[in-house]
Amino acid sequence: WAFYPPIVVYIFARSARARPFMAVTAANPCLQASGIVGETKHDALDPLQANAPEYAAEFTLLPAAWPLAQRIEALHAFIAAGPGYPVVLKPDIGQRGRGVAVIRNDAQAADYLASADDDVIAQRHVAGSEYGVFVYRDPATARVEILSIVNKCFPSVTGNGRHTLGELILADARARLIAPGLFQRWARQLDAIPAAGEVLPLVEIGAHCRGSLFLDGNHLRSEPLRLAMTAILDAVPGYHFGRLDLRCPDEAHLLAGRGLKVLEMNGVTAESAHIYHPGTPLIDGWRAMIRQWRIAIEIGEANAAAGAPTTGLVALLKLWRADLARGKRWF
């Protein structure tokens with residue numbers, strides 16, 4: 001409630017000077033409304049998988065229009081064609097980790113799909129470290145630049161042979177903030193006492209609101225990484241601005257631009273998530289977000305001038321209301 005109002009004021013003030021007014025909705029012509037709200041994940045992942053499969057975490061779409069049996073059969077075929085479980089299931093339209101689950105067996109898969117009323121993405125599970133690399137294509141030079149890097153760390157607790165898992169969660173400064181969700185997820189193991197030195201990862205989803213810790217990774221910028229980002233954007237025509245959530249084996253691979261597997265390509269309302277590094281001054285967060293939106297609007301203006309369509313406020317409001325209703329159907 002305190003962070004976003006100044007940013008919203010800036011967006012409307014800068015948009016009022018833009019030509020056309022809603023130019024920002026032309027920043028990513030390949031995404032609905034440039035990814036402000038309601039865009040599908042497969043709009044960007046489809047061309048990436050087709051044109052640069054070495055960078056894509058392989059996925060398949062399971063449409064809601066299919067009968068449940070057909071969706072389960074298609075998922076089993078996708079799993080059989082790869083290394084097997086685990087696999088990640090997520091809504092094709094979603095944000096902030098909404099509805100994302102790591103599935104480890106047929107029963108979990110069937111339960112998930114039985115409760116899913118919307119299109120679902122099934123994606124290979126990729127091990128390793130997770131990062132969010134925010135990129136944009138400079139409208140003046142067409143050069144791909146890195147705006148921000150965030151390292152997404154998953155909270156864990158370490159057993160001491162004396163306290164239960166529930167007690168360890170409540171004693172951890174990070175974990176206790178999301179204790180209700182963790183208690184629900186680990187309900188059957190809360191009274192178990194982990195062995196001394198046993199490390200239990202509590203979170204598997206790289207979303208801030210799902211408990212992941214976001215650390216500033218801007219020191220990991222490198223020319224090989226920028227070139228890899230260029231190859232990814234070149235593979236997705238019409239994608240000019242947003243955060244790529246990806247996994248790779250480790251920090252060294254990220255610096256070298258090798259072994260990268262893109263999980264999602266987010267649109268205009270993605271955030272330069274390094275601002276959530278603990279201790280970051282509020283003013284720095286505002287500066288980063290305002291710079292981000294300034295660049296997005298400038299890219300949108302250039303694309304609109306070249307003929308890219310824009311989305312009006314009324315249409316955006318309808319998309320937003322539809323997304324609110326959709327969000328109630330997902331955990």
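- If you run side chain to side chain contact (heavy atoms under 4.5 Å, CB included) between Ile149 and each of Leu225, Val135, Asp216, Leu215, only Leu225 comes through.
- The backbone N or O of Thr164 sits less than 3.5 Å from a side-chain atom of Glu167, completing a donor-acceptor pair.
- In Glu54, the CD atom is crowded: over 12 heavy atoms of neighbouring residues, nucleotides or ligands sit closer than 6.0 Å.
- Panel note: side chain Ser222, backbone Leu255; a donor-acceptor pair is recorded below 3.5 Å.
- Heavy atoms of other residues, nucleotides or ligands lying less than 6.0 angstrom from CZ of Arg321 number 12 at most.
- There is no path of hydrophobic side-chain contacts, each under 4.5 Å, that joins Leu246 to Leu227.
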- Please lay out, stage by stage, how Leu313 and Leu317 fare under the test side chain to side chain contact (heavy atoms under 4.5 Å, CB included). CA-CA 6 Å; Leu313 278 174; Leu317 180 60; over 6 Å; no

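- Heavy atoms only, all atoms of each residue included: Tyr55 and Ala231 are closest at CE1-CB, 3.9 Å.
- Taken to the nearest 0.5 Å, the OH atom of Tyr112 stands 9.5 Å off from the CG atom of Leu62.
- Using a 4.5 Å heavy-atom cutoff, the side chains of Leu182 and Arg176 are not in contact.
- Atom NZ of Lys261 is separated from atom CG of Leu48 by 9.5 Å, given to the nearest 0.5 angstrom.
- In this structure, CE in Met22 is found 5.5 Å from CD1 in Ile36, a value given to the nearest 0.5 Å.
- With a 4.5 Å cut-off on side-chain heavy atoms, Phe12 and Phe21 count as touching.
- Remark: the backbone N or O of Ala288 is not paired with any side-chain donor or acceptor of Gln292 at under 3.5 angstrom.
- The aromatic rings of Phe134 and Phe241 lie perpendicular to each other, with more than 60° between the two planes, well past the 30° mark.
- The heavy-atom pair separating Ala26 from Thr310 by the smallest distance is CB-CG2, 4.0 Å.
- Looking at Pro6 and Trp286, their side chains come closer than 4.5 Å, going by heavy atoms from C-beta outward.
- Side-chain atoms of His253 and Arg247, non-hydrogen and from C-beta on, never get closer than 4.5 Å to each other.
- Here the closest non-hydrogen pair linking Val126 and Ala57 is CG2-CB, 3.8 Å.
- A donor-acceptor contact shorter than 3.5 Å is absent between the side chain of Thr158 and the backbone of Leu200.
- At least one donor-acceptor pair under 3.5 Å links the side chain of Glu198 to the backbone N or O of Ala195.
- Side-chain polar atoms of Asp106 and Tyr85 form a donor-acceptor pair below 3.5 angstrom.
- Glu271 and Tyr276 are linked by a side-chain donor-acceptor pair at a separation below 3.5 angstrom, with hydrogens and angles left out of the test.
- Note that Arg137 lies outside the cation-pi zone of Tyr239, set by a 6.0 Å cut-off to the ring centre and a 45° limit from the axis.
- In Glu223, the CD atom is crowded: over 12 heavy atoms of neighbouring residues, nucleotides or ligands sit closer than 6.0 Å.
- Taking the side chain as every heavy atom from C-beta outward, Asn51 and Val236 never approach each other to under 4.5 Å.
- Residues Ala270 and Asn266 approach most closely at CB-CB, 3.6 Å, considering heavy atoms.
- Looking at Ser34 and Val24, their side chains never come closer than 4.5 Å, going by heavy atoms from C-beta outward.
- Checking Asn28 against His240 by side-chain atom types alone, no donor-acceptor pair falls below 3.5 Å.
- Among all heavy-atom pairs drawn from Asn303 and Pro29, the shortest one is ND2-CD, 3.9 Å.
- Classification of Arg258 and Asp250 as a salt-bridged pair fails, no side-chain N sitting under 4.0 Å from a carboxylate O.
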- Item | Leu89/Leu75 under side chain to side chain contact (heavy atoms under 4.5 Å, CB included): CA gap, chis, key distance, verdict | CA-CA 10 Å; Leu89 296 182; Leu75 176 60; 4.1 Å; yes

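- Of the possible donor and acceptor atoms, none in the side chain of Arg71 sits under 3.5 Å from a partner among the backbone N and O of Ala110.
- No close placement of the Phe59 and Phe78 rings is indicated, their centers lying 6.0 Å or farther apart.
- Each of Ile275 and Leu177 belongs to its own hydrophobic cluster when Ile, Leu, Val, Met, Phe, Trp and Tyr are linked at side-chain heavy-atom distances under 4.5 angstrom.
- With contacts defined as side-chain heavy-atom distances shorter than 4.5 Å, the pair Tyr131/Leu220 qualifies.
- Interatomic distance, NE2 of His274 versus CG of Asn151, reported as 13.5 Å (0.5 Å rounding).
- Side chain of Glu301 to backbone of Pro20: no donor-acceptor contact under 3.5 angstrom is found.
- With hydrogens and angles ignored, the 3.5 Å screen pairs no side-chain donor or acceptor of Trp320 with any backbone N or O of Val37.
- A salt bridge links Asp245 to Arg243: one of the charged nitrogens lies within less than 4.0 Å of a carboxylate oxygen.
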- Query: Step by step, would you call Ser15 with Ile297 a side chain to side chain contact (heavy atoms under 4.5 Å, CB included)?
  - Reply: CA-CA 7 Å; Ser15 294; Ile297 293 170; 3.8 Å; yes

- Could you walk me through whether Trp293 and Val268 pass the side chain to side chain contact (heavy atoms under 4.5 Å, CB included) test, one step at a time? CA-CA 8 Å; Trp293 280 94; Val268 167; 3.4 Å; yes

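- A 4.5 Å side-chain heavy-atom check between Asp118 and Ile93 finds every atom pair outside the cut-off.
- Salt bridge annotation for Glu145-Arg143: present, with a cationic side-chain nitrogen under 4.0 angstrom from a carboxylate oxygen.
- A distance-only check finds no donor-acceptor pair linking the side chain of Asp43 to the backbone of Asp46 [under 3.5 Å].
- Cluster annotation: Ile283 and Met289 are assigned to the same hydrophobic cluster (Ile/Leu/Val/Met/Phe/Trp/Tyr, side-chain heavy-atom contacts under 4.5 Å, transitive).
- For the side chain to side chain donor-acceptor pair (under 3.5 Å) test with His42, the passing option among Asp119, Asp92, Thr60 is Asp92; the others fail.
- Hydrophobic cluster membership is shared by Leu282 and Tyr10, with clusters built from Ile, Leu, Val, Met, Phe, Trp and Tyr side chains linked at under 4.5 angstrom.
- Within the model, atoms CG of Leu244 and CG of Leu233 stand 6.5 Å from one another, a figure rounded to the nearest 0.5 Å.
- Linking ILVMFWY residues whenever their side-chain heavy atoms come closer than 4.5 Å, directly or via other members, leaves Leu213 and Leu254 in distinct clusters.
- In this structure, NZ on Lys152 lies 8.0 Å from CG on Leu263, to the nearest 0.5 angstrom.
- Of all heavy-atom pairs between Arg221 and Leu147, the closest is NH2-O, 2.8 Å.
- Using modelled atom types, one side-chain atom of Lys41 and one backbone atom of Pro91 make a donor-acceptor pair closer than 3.5 Å.
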